[in-house]
Enquirer: 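Handing you this structure, nothing more for now.
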Amino acid sequence: MTAPMTNGKNESDTYRSYLDDRNTKAQDTVYTTSNGVPYPHPYETQRAGENGPLLLQDFHLIDLLSHFDRERIPERVVHAKGAGAHGYYKTTDSLEDLCLADIFKKGKECPVSVRFSTVGGESGSHDCARDPRGFSVKFRTEEGNWDMVANNTPVFFLRDPAKFPHFIHTQKRHPATHLTHADDSTIFWDYLSQNPESIHQVMVLMGDRGIPDGYRFMHGYSGHTMKLVNKAGEWVYCQFHFKSKQGTKFITQEDSVSKSPDYSTMDLFNAIERGEYPGWDVSVQTMTAKQAEEVWEKQKINIFDLTHVWPQGQFPLRKVGEFILNENVKNYFAEVEQIAFNPSHMVPGIEPSADPVLQSRLFSYPDTHRHRIGVNYQRLPVNATRVPYKMANFQRDGSMAFYNQGSRPNYLSSIEPISFRQRSVDLDKTHNHFTGEAIAFLTEIRPEDFNAPRVLWEKIFDDGAKERFINNVSGHMANCTDNEIIRRQIGIFREVSEDLASRLEKATGVKGYPGIANLRFNGTHNGMAKDESLKFANGMAGKTGSAATENNGAPIEGTHKDYPKN
C-alpha cells in the first residue's frame, strides 16, 4: 500500500519530526486545534446567542480546557526542583584496560543531557535551600543509554535501603502543620538523631558544600560502587567522579536569602546563553576485589556502604574524559521535566555491585518513571536512545505508544525472527556467587562510621568553616521543638569531636549526651552500646530478626569466589 497523497506529496513527506517541531519558529506556524484543523482565533467561543450559554459542540474550547486540566504530570517525589541542559561527552584518556564499554575508547564522543536538582523540596521550592543536589547525566552511547544518577556529595544519609522512603518523608512538610523545616525542624533532627550513620552526610550538608553557588560550581559523585569489566572478563570495583572545571563555590546561609528562588536555574541558562559553557572532568576510582576485602579488614571502609568514602590518596582519581554543556533546552517540560534517569541503565562493561541501596534504586527509579510519565517513557524524544541499529523487543501497547513496532510479531517468532547479539560480559565471572541462607538485615553504628566525619572537622574545615558549620546547625536546630532530640544529636556529634559538641552546646544552650554508648536508636543497632539491652534497635528482641553481621555488610575475605586477574 502506497502512502496517500497530500498536495502532491506523500503523507510521509508532510510528517513533522520531533526535531523539526522543536526548532520551528512561532512565526512559521498556523494556529490549529489538536487534530490539526486551522482555527481563526484561540480566544473565540461558541454560545447560544450573544448572551446565551456555551455550546457543548465547541470542540476547540472543550479541547483547550480539557488539555489544560491535564497539563501537569506528577512531580518527582524527590529531586522535584531542577534545571538541565544538553552537550557532549568525549573520552580523552582510554579506559579500555579496565572497561569494554565502547564509549571509553580514546576519542569516542556521544551526546549528553544533564539534570541538576535539589532533593527534598517541591518543584517551586528555593534553589538555594540547604540540601544535597542531584547530578544526573544521560550518556547516549552507540550501545544504548548509560545513566549516571549521582549527587553533589560523595555520601548519603543512609545505607539500609528500606530507610529511604522514611527518610524522605522526614524531609517533606509536616503531615499535620504542613510546615517545612524553615519553621519546624523537629522531624528532620528526630530522624537524624535516631540514625547516626547519617553523620557523615550531615557534616557535608551543614558545611560549606550545603549550598553550592549554582549548579556550575559543584562536583558530582556516583556515591555507589559499580563494576568495570574489560574484554578479558576481568573486573574491578569503581566509583565515578565529575569534577567541575569551574571549581567549586558556595553560598552562606545568610547570603542565600538574598538570592532568587530560581538562582541556580537562571545561572546555568544564562551562562550557556553567554557562551560560557560549563564542563566537568569524568574520573574513576578503582580497586580490586582483594583490595575491597583488605580495606575493610585493615581500615573498616565498607565499599558497599553509601555513608563511606574511598580515600583518594590511597585510590587516586584517574581521568577518563569530560563533558561540556553547550546547548540550552528549548522546552523545559519536554526536555527537563520529562527526562528520566535510571541507575539500571548501564551499557556492557559497566555493572552494579552488591551495594544494597544501589540494588534497591535499580528497581525504584524505572518504577517511578512508569508511574509519573507512563510505561512508554523511554520512547519520549528526550529519553530515546541514538543507536546505529534498529531496536526491537516485545514490549507493546500501553499509554502513549508512539513507536509500537508496526506489524512485527509481538512474540519470539520463527516466521519473522529477530537477530540477537552475544553477551559481551560473562556474568558468571563478573558477579559474586552468593551461597547462604536468606537473612533479615539491618546495619549497626560502629566507631569506624565516625572516622571520615572526624577528618572533615579536624583536617578539612578551617576555622571559618567550623564557625559557619556551628551557626548552620544551631540555627536549624532553633526550630526543633524537642530538646531531647537535640541532646541525642549532640551526643552523636560528640563521637565526631568533643570540640564540635561543646561548641554546639554553647550555641544551642542544650547540654548533649556524653556520646552514644548509653543510647538506643530506633533506626539502627548500636554497636557501641555498653549495655547489651541498648544494642538492638527498638522493637528487636536480642539477635533475632534484623541482626547486624560481623562485617556490617562489607566484602570480607571469601566473599569473592575468585579474584580477578588484575
Side-chain angles (χ1 to χ4, degrees), residues 78-85 114-136 150-157 171 180-183 185 188-189 192 200-221 223 241-274 276-280 325 328 336 453 456-457 460-479 500 503-504 507:
V78 288
H79 299 279
K81 178 69 182 294
V114 179
R115 184 178 185 269
F116 307 105
S117 58
T118 53
V119 174
E122 302 103 339
S123 62
S125 58
H126 206 294
D127 277 357
C128 296
R130 184 167 295 279
D131 201 16
R133 265 59 176 174
F135 193 126
S136 298
N151 277 339
N152 75 321
T153 59
V155 292
F156 199 60
F157 296 94
Q171 309 306 293
T180 68
H181 300 157
D183 294 299
S185 62
F188 177 89
W189 289 107
L192 299 178
H200 194 173
Q201 176 71 315
V202 171
M203 295 290 294
V204 175
L205 178 65
M206 291 296 170
D208 289 340
R209 284 186 284 178
I211 310 179
D213 189 0
Y215 295 131
R216 294 183 295 146
F217 299 99
M218 67 182 193
H219 301 321
Y221 306 87
H241 295 245
F242 304 140
K243 293 294 186 179
S244 170
K245 290 179 175 291
Q246 298 73 239
T248 58
K249 296 181 181 179
F250 68 91
I251 299 173
T252 65
Q253 190 69 45
E254 294 74 20
D255 288 343
S256 66
V257 298
S258 67
K259 304 297 183 182
S260 161
D262 298 318
Y263 174 82
S264 300
T265 304
M266 179 172 58
D267 175 75
L268 177 67
F269 190 94
N270 290 344
I272 294 175
E273 287 295 290
R274 293 192 303 266
E276 298 175 12
Y277 302 139
W280 285 262
L325 299 182
N328 274 319
V336 179
L456 278 179
W457 180 258
I460 305 300
F461 289 3
D462 59 22
D463 291 341
K466 290 180 178 179
E467 183 177 352
R468 289 189 294 271
F469 181 89
I470 297 298
N471 290 338
N472 293 337
V473 174
S474 60
H476 199 276
M477 284 180 168
N479 292 321
L500 167 54
R503 292 195 194 194
L504 274 177

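Numbers here simply count residues along the sequence, with the first being 1.
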Enquirer: Step through the shown structure and confirm whether more than 12 heavy atoms of other residues, nucleotides or ligands are within 6.0 Å of CG on Asp462.
Expert: yes
Enquirer: Is any side-chain heavy atom of Leu500 closer than 4.5 Å to one of Ile470?
Expert: yes
Enquirer: Given Val204 and His200, is the side-chain contact (heavy atoms from CB on, under 4.5 Å) satisfied, shown in steps?
Expert: CA-CA 7 Å; Val204 175; His200 194 173; 4.3 Å; yes
Enquirer: Would you compute the distance between atom CG of Asp131 and atom OG of Ser125 and round it to the nearest 0.5 angstrom?
Expert: 8.0 Å
Enquirer: Drop me the distance from Leu325's CG to Tyr215's OH, to the nearest 0.5 angstrom.
Expert: 13.0 Å
Enquirer: Does any non-hydrogen side-chain atom of Trp189 lie less than 4.5 Å from one of Val473?
Expert: yes
Enquirer: Is the closest side-chain donor-acceptor distance between Ser264 and Asp267 under 3.5 Å?
Expert: no
Enquirer: Give, for atom NZ of Lys243 and atom NE2 of His219, the distance between the pair rounded to the nearest 0.5 Å.
Expert: 4.0 Å
Enquirer: List the steps, then state whether side-chain contact (heavy atoms from CB on, under 4.5 Å) holds for Gln171 with Val78.
Expert: CA-CA 10 Å; Gln171 309 306 293; Val78 288; over 6 Å; no
Enquirer: Which atom pair, heavy atoms only, marks the closest approach of Gly82 to Arg115?
Expert: N-NH2, 3.5 Å
Enquirer: Check whether His79 reaches the backbone of Ser117 with its side chain - one donor and one acceptor, N or O, closer than 3.5 Å.
Expert: no
Enquirer: Pairing donors with acceptors under 3.5 angstrom, does anything connect the side chains of Asn471 and Gln253?
Expert: no
Enquirer: Taking all atoms of both residues into account, what is the closest heavy-atom pair of Ala80 and Ser123, and its distance?
Expert: CB-N, 3.7 Å
Enquirer: Is it the case that the side chain of Asn479 and the backbone of Ala182 share a donor-acceptor pair, with hydrogens and angles ignored and the cut-off at 3.5 Å?
Expert: yes
Enquirer: Please work out whether the ring planes of Tyr221 and His241 are parallel, tilted or perpendicular, with thresholds of 30° and 60°.
Expert: perpendicular
Enquirer: If you look at every heavy atom in Ser260 and Met266, which pair is closest and at what distance?
Expert: CB-CE, 4.3 Å
Enquirer: Please answer whether the main-chain N or O of Gly247 pairs with a side-chain N or O of Ser244 as donor and acceptor at a distance below 3.5 Å.
Expert: yes
Enquirer: Are Phe135 and Phe242 an aromatic pair by the rule of ring centers under 6.0 Å?
Expert: yes
Enquirer: Got Thr153 and Gln201 here, is their nearest side-chain heavy-atom distance under 4.5 Å?
Expert: yes
Enquirer: Does a donor on one side chain and an acceptor on the other come within less than 3.5 Å for Asp127 and Thr265?
Expert: yes
Enquirer: To the nearest 0.5 Å, what is the distance between SG (Cys128) and CD1 (Ile211)?
Expert: 7.0 Å
Enquirer: Just by distance, do the side chain of Asn472 and the backbone of Met206 share a donor-acceptor pair under 3.5 Å?
Expert: yes
Enquirer: Could you grab the distance from atom CD1 of Ile272 to atom CZ of Arg216, nearest 0.5 Å is fine?
Expert: 9.0 Å
Enquirer: Run through Leu268, Val336, Asn152 and flag the one making a side chain to side chain contact (heavy atoms under 4.5 Å, CB included) with Phe116.
Expert: Leu268
Enquirer: Would the distance check show the side chain of Asn328 and the main-chain N or O of Phe269 forming a donor-acceptor pair, the cut-off being under 3.5 Å?
Expert: yes
Enquirer: Walk me through whether Phe461 and Met203 qualify under side-chain contact (heavy atoms from CB on, under 4.5 Å).
Expert: CA-CA 10 Å; Phe461 289 3; Met203 295 290 294; 4.2 Å; yes
Enquirer: Between Ser474 and Ala507, which heavy-atom pair has the shortest distance, and what is it?
Expert: CB-CB, 3.7 Å
Enquirer: Taking the six-membered ring for Trp and the full ring for Phe, Tyr or His, determine whether the centres of Phe188 and His476 are under 6.0 Å apart.
Expert: yes
Enquirer: Give a yes or no on whether the backbone of Leu205 and the side-chain of Arg130 come within a donor-acceptor separation of less than 3.5 Å.
Expert: yes
Enquirer: Looking only at heavy atoms, which two atoms of Phe156 and Asn151 are closest? And how far apart?
Expert: CD1-ND2, 3.9 Å
Enquirer: Keeping Trp280 on the side-chain end and Met218 on the backbone end, is there a donor-acceptor pair under 3.5 Å?
Expert: yes
Enquirer: Do Arg133 and Val119 have side-chain heavy atoms sitting under 4.5 Å apart?
Expert: no
Enquirer: Could you walk me through whether Trp457 and Lys466 pass the side-chain contact (heavy atoms from CB on, under 4.5 Å) check?
Expert: CA-CA 7 Å; Trp457 180 258; Lys466 290 180 178 179; 3.6 Å; yes
Enquirer: Is it true that a side-chain atom of His126 and a backbone atom of Lys259 form a donor plus acceptor pair closer than 3.5 Å?
Expert: yes
Enquirer: Side chains of Tyr263 and Asp213: donor-acceptor distance under 3.5 Å anywhere?
Expert: yes
Enquirer: Taking the six-membered ring of Phe217, is NZ or CZ of Lys249 closer than 6.0 Å to its centre and within 45° of its axis?
Expert: yes
Enquirer: Closest heavy-atom contact between Glu467 and Arg503?
Expert: N-NH1, 4.3 Å
